[in-house]
Amino acid sequence: MSDQSEHHPDVELSANQEVAQVDGDEKIDEQAEAVTLPPVTIRFPSPTCSRTIPKPKDSSEAQDRLTIYPQPSETMQDLKLLINDWVGAYWLGPYSLRLPFVKGDDGRGKVFSKKQDLSEIRAGEKLNEWLEVQDAFAHLEEDGERLLEVVKEPYGEFTARQSVLRLLELIAPAGSTANTTSTSLALQPGSTIFESVRDGVIASSGETLYEEVEVSLPSGRKGKGGKKELVKVKRAVSNDKTHAFADWKGEWTSVKLGDLPISQPSLEISPSLKSIQISPFNPPPPHLRQLGHQLYLQVALLEGETVTIICSTRGWFVSRSNINNFDPAPKQNSDGSITSPTHSLIDLLHSLSPLFSDKLSKISPLSTEPPSLDPISTVAIPQAEPAYPWLANVPKPATSSEILRTQLAFLHTGAYGADSVDAARDWNEEIQGIRELPRGSMQERVFREKMLQKVWAEFDQAAIRAVQTVSRGDIPAINPSEDPKAHMYLQSNIFITQGDSDALDAYAHLGGDAAMRISHGKDAAGVRLLNKLDVDGLYMLGHTIVDWQGKRWICQSILPGIFSNRRKEDDDEEEEASPAAANDDGESQKKEDWVKVGGSPTTSTVEADKSAEIEETEDQGDAENPMMIYGLDSEKQTSIHWDKGTHKLMAQIGQAQRLAAHKVKDGQDEEHEFYASAEVKGLRGTDGRRYILDAQRLSPVDIEWLEKDYETESGKYPHRLAMLRPELLETFWESELKRWARGVADKAQAKKDEDAKEEASKEAGPSTEKTDGAESKSSEAEAEAQAETPKEDQSPAVVEAAAHRAEEEKPLDASVVGDIKQFELRFNPDAFVDQVPSKDSDSEEAFLPSTINDESDPSIKAVRDASVFLRSIAIPAVVLDVLTGNTSGLMDGASLTKHLHGRGINMRYLGHLASTIKQFSAGADGEDRKETGHLAALKTIVVQEMIFRASKHVLRSLIAELQPETVTYAISHFLNCLLGTSYNSSPSATFNAIGVSDREEEPEYTKLTPGTLRDKITAEIQTRFRWSLQESQFAEGLRKKQILRELAVRFGFQLAQRDYIFDKDQEIATTAEEEKEGKQSKDKKAKKVKAPVAKRSHTFEAEDILTLVPIVKSTAPSVTVAEEILEAGRNTINRGSIDLGLEFMLEGLQSYENIHAVIHPEVASVYNQYSQAIHQLARLKIQQVASQEGSDPEQPLGLDISTALRLQRQAITVAERTLGVYHHETAGYYFNLAMLENLEGNAQQALRYFRHVLNLWDVIHGPDHPEINTVLSNAGVVLQAINETSLALALQRQAYESTLSLFGDSHIQTGQSLHQLTQSHFLAGDMAAALSTSEKALDIFIARLGEDHSQTKEVKKNVELLRAVIDNVEKQKERNEQMKKESQDRLKAARERTTLGNGPGKTRRLGGTLGSTGSGGVRIVDPATLAAAAAAAGHPIDTNGQVPAATEGAAAATADGSAPAEGSNIGARGTESVEELVKFIQGQQTPATSAARRGKNALRGKRRTGAKR
């Protein structure tokens, strides 16, 4: 609704508009305008208690009516959601919306309209909640008054329970201290610290600052003397520094784990009631239920009284019951009267308890004060898995007494006993039913995707609960007689199997358990891909993977008919028994059932044909698997099922995934055509729908890996299920398309040249020029590599990768390429697939080689070429992009994994990636060199990721079969062996036997030692990544704090927050610090000395592992409709229509919010994209203004930066709650917000966020990363804006020193860092240092970029100007010395004359001059003389002796530290003034104000362009 969101665009997409086809040439007025509906007024009844609705501040404000401006597609239910949150209607019980009563001819309400479904809209009668608002008023004219009335409805048990739940939401909102009913999978779910960072309550050390304040007790009880009892509590306060970098020490300091902020305090809310619970007198007995009793509620008021409230059909009333005795009669008033039931429970509580009214008035929506915390940081997360912090604090007390927590299930379900519990949700029918919703219009597509995302999120939550139930052993297997590893379970209509134990040997030929685990992961990825493609007529089961306590569990919705014992033979017998029915009505009925439920909307003739084909397939199929209609039968490898209707649908998937149609032979040598692999199966459920299963073979195999890396000297790879990623196939296809287009263009050009030669003897000028231009333009990639490393020092690998990139980026003349449809490249997913040996075979081989390997077939050759492309082109391209600085944000293993997957590179290639980095770092002759700069950082992350992944495999094998209480001992011992050996080189394992058996053996983890663990990890890395890890990596290269975080987050466990001691030096430092704190607090009574902590023998103890967290891999895809709108916005902006493009982006953003319910990582990503678009557009406009002579530097940019700021702040809160406070994407969002705040002129906020970004880098990556220097440099630029020149210089110097150590003294990055440092030295007044750094930068730029590069010229001009400044300072110094000498001589002569003329003891007052004997030796000149001297020098000043502040700043420090005389002509060189010099060195071209004004204003608002990423 228009009043629910502040950023809705004025332009909406029409229902039938195809967003992806928006053309930039279309006029804006041709876009569909938003349909605006007239306002609707809603009238409310009045409550019985006067305190229920607070009195408005404005007496003219009506409390009995509300005016709403609805959107066209909104329904009555949407209106009710808005009504429930309004202050004048929050108290309502069950109600309906009705049109005002107008009597009709039949005595009932007048019929206003009839809909196609025969429903009527009558005056005074209840309106359907799904009725659209505009349909309810279809009978009115455009200007007719639209009025709805709220009418109370009678209570039922459901509405009674909903009223209690509504009351709980009101008095104990989520995220508040009053909420004690929530339960979660782990500790502190969905935490955020953004508001603490924003308000500065988190210190630079990461520690939250508190102050003691006195507050009254929430119970309201009185202390001595009748006064309210006060207690002292800690409350977070803002750090009282000038800015976030005020305490910067100039060196990198790591934040202690014990001080890391992990969450902000909950919203403080005083309880409105002492307690509320479902009365033990429930359920109402039959005779009272007949009288209308629905529910009994027991409420303890703050006044001390406990009442039993009865809900009847008419409303709520207080009964005469007490805690022990039940009396349903209404309680009498003091005058003996009995009050009739109150319709609203909240209204009744207001009348019973004034304290309830008082406390409730301080809670939203009644409170007039804004909430202390943004609601987006406290509300429950509806459709996303909350992030659980990797460090957590144990709640004290561990839990609170809350009887209602155990009664929530009743409030939600109404079930008093097991016999009355409703059947579990039919997940499959829900998912497939939503798939079949209409999707013809934009509104229908949005609604459909919203419902799909909602049901997938709920399915994931149900799957987690089911897995935990199964894991505990609470559910018996449905096949108890089989091997325990093959057990299957059914819980909540979810089919659960183990995903990492190949008990049935189905994957024996591919690697057994390891292959099965990978297969299920690939299957889930395939299902996600199919869900995204969303082919009408193909269905996928609900599918989720849950990794929990070392095991992988596969959760699927139930395929209809999968548990049916009915065999195909039974169907045949029935058909024979009733041939007439089968041939006539029965057959057509069967066809109709199939078509109506599962078929796609086509003509009836085609539907009948499909049905006939399906029945034909049924006759040919194997009787053992009657549901299977398409693909290779796993149980009978020679049997292939095929169905024409399914094949047509699979053709759409083949088209989207570029899969080739290919033939596969069955056991009878009969060929069948497939697009996907024959192993992708199609089954027909008893609901008539076609389901696709086993989707792991939607991509072809990585044949190069299987041939070259599966089996090496160091051993075999764990499995043969090595597949190419879809992203790689797309990249390879695009690369081949460019190569094909270049070939076509070259042939066309050659033919054109030949024709030209025949016509004339001279060369064809235009074509030659075009080719030369292309060649010059294509060398950009080589130039970038040249800038990083001189050509003569570049390794052969760099030269080759840069040459290939340059070749690919050559511009093409599209006019000569022709039709792109002529290009054909498709992949055969069955190519090179291993065959299963037959059971009768005598072969000892685990697998048989593929029979589909003829590379003369283009589709098979394409698979080989793509596999080669991955090794030879894709991996070097990643390293080249990192080397040239085109890739940013790689902070940890998770960001590296996401980046590599996006580029189509599997994580098994980490070893190859590390080898490529080594090759890129080599010299020109191939000799090994140590990695530097970006490559060194990438190498560190790659090696760390290999260690993490190997550690994960080892740890999983150790804990998979353990009891939950033993798992904590295993994990702590594992961490001690991996990370705690510097503190205790021989950690000992602890095992407490459960005691159920005398033969209980000690588990495997107890035998683990640091040496054996390192051997296991080294072997895993060699086996899985083909990389030899050096032993020294464990002692020197292991970033312990960072790998601990990755293990906790990605393996799934929470650690107790404290300072973990990783080595002896850290223990000594910590002890010294504690002693220092103890001494400081000895004499201070206010501070309590910390209790001594017992010294630990190990870094980690079992109690440090608080709980394990399930890792969920969902198959819910991204939302396509919102993506299309967003992409249309980007394309429109790129075509120059900025305003329309931004409106499209806001429309897409609104769709994301609508579908994902705001708090979702996808929504955070879109918020960030929009804000980044605004930021980039603002920078472009600033550059355009700067390049225009005579333009006003303060003119508005015409961009809504305030909205971008608001969305970016929300993006951070959402990301922290769903991804994690210490997540690489969260860090990126903080950096972008800092840049936006800087753009808007909020320097203090920008500095807070920059400081927090540094803390995030410390936790996620650690020091020594090139991007940290970017943060330091940008923070320095902001500090310059607020005149903190010395601190800015310290930051820039630290950034330079770090860059120097990472890149060396001749790298382009070092040159750019020197360039920034030059400006800081200049602004600090150190001209000599500024000149020195600028000269060093110039040498680097000349060597790297050449004399003619624009940046080289800029630095060269800086050097010349700085030399001129210093020359003038020296000259001025000489003049000062000369004037000083002259003054002293004149003074001496005057004294002599005075002594001679006046005799001893007499002095003579000097007229206009006075010699100064001070250290400065500055001559004091009268104003008139000073002005005349300045005018003669060509720099006139006023008679007050005022000179520009820039001149003062530039000459603030001379060579000997003395201050030059006022009015000295410093920096004069030709016609250039010092102001121009300052501006030029800052990189600005427009005239500017003085340094004093610049310090205050120049980097304010829209003009701050110094900071760059």
Side-chain angles (χ1 to χ4, degrees), residues 47-52 91-94 152-168 170-171 181 219-220 271-357 359-360 401-417 419-420:
T48 56
C49 179
S50 60
R51 295 192 303 270
T52 301
W91 57 276
L92 290 170
K152 298 175 183 177
E153 294 288 333
Y155 275 92
E157 188 197 272
F158 174 76
T159 49
R161 290 187 281 109
Q162 289 298 309
S163 294
V164 179
L165 290 171
R166 169 65 181 154
L167 173 64
L168 291 176
L170 195 66
I171 65 174
T181 58
S219 63
S272 304
L273 299 167
K274 274 189 178 178
S275 70
I276 179 172
Q277 67 183 66
I278 305 301
S279 170
F281 298 124
N282 280 292
H287 68 290
L288 293 178
R289 188 175 290 278
Q290 189 67 36
L291 296 177
H293 286 208
Q294 306 295 337
L295 185 71
Y296 304 142
L297 202 61
Q298 185 173 301
V299 178
L301 306 175
L302 290 179
E303 285 80 358
E305 183 183 4
T306 300
V307 295
T308 298
I309 301 176
I310 293 177
C311 178
S312 68
T313 310
R314 299 179 181 182
W316 303 80
F317 63 89
V318 180
S319 71
R320 297 181 183 178
S321 308
N322 57 33
I323 295 176
N324 300 314
N325 300 310
F326 180 71
D327 183 351
K331 187 178 181 180
Q332 292 182 345
N333 297 324
S334 55
D335 58 359
S337 62
I338 295 176
T339 309
S340 59
T342 305
H343 189 264
S344 165
L345 173 60
I346 296 170
D347 194 13
L348 176 63
L349 289 173
H350 274 291
S351 62
L352 292 175
S353 170
L355 282 177
F356 174 82
S357 302
K359 301 297 182 184
L360 200 61
S401 172
E402 179 56 80
I403 190 68
L404 198 60
R405 199 183 300 126
T406 60
Q407 299 174 339
L408 282 178
F410 162 74
L411 286 173
H412 285 287
T413 65
Y416 286 104
D419 56 335
S420 57

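In this chain, residues are counted from 1 in sequence order.
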- Take the angle between the ring planes of Phe326 and Phe281 and call it parallel below 30°, perpendicular above 60°, tilted in between.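 Judged by the thresholds at 30° and 60°, the geometry between Phe326 and Phe281 is tilted.
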
Any sub-3.5 Å donor-acceptor pair from [X]'s side-chain atoms to [Y]'s backbone N or O?
X: Arg320; Y: Lys331; value: no
X: Asp347; Y: Thr48; value: yes
X: Gln277; Y: Ile403; value: no
X: Asn282; Y: Ser279; value: yes
X: Ser319; Y: Thr308; value: yes
X: Ser351; Y: Cys49; value: no
X: Asp335; Y: Ser337; value: yes
X: His343; Y: Glu153; value: yes

Within-4.5 Å side-chain heavy-atom neighbours: [X] and [Y]:
X: Leu349; Y: Trp316; answer: no
X: Ile310; Y: Pro328; answer: yes
X: Tyr155; Y: Ser163; answer: yes

- Query: Hey, are Glu303 and Ser353 close enough side-chain-wise for a donor-acceptor pair under 3.5 Å?
  - Reply: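 Per modelled atom types, Ser353 and Glu303 side chains form a pair under 3.5 Å.
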
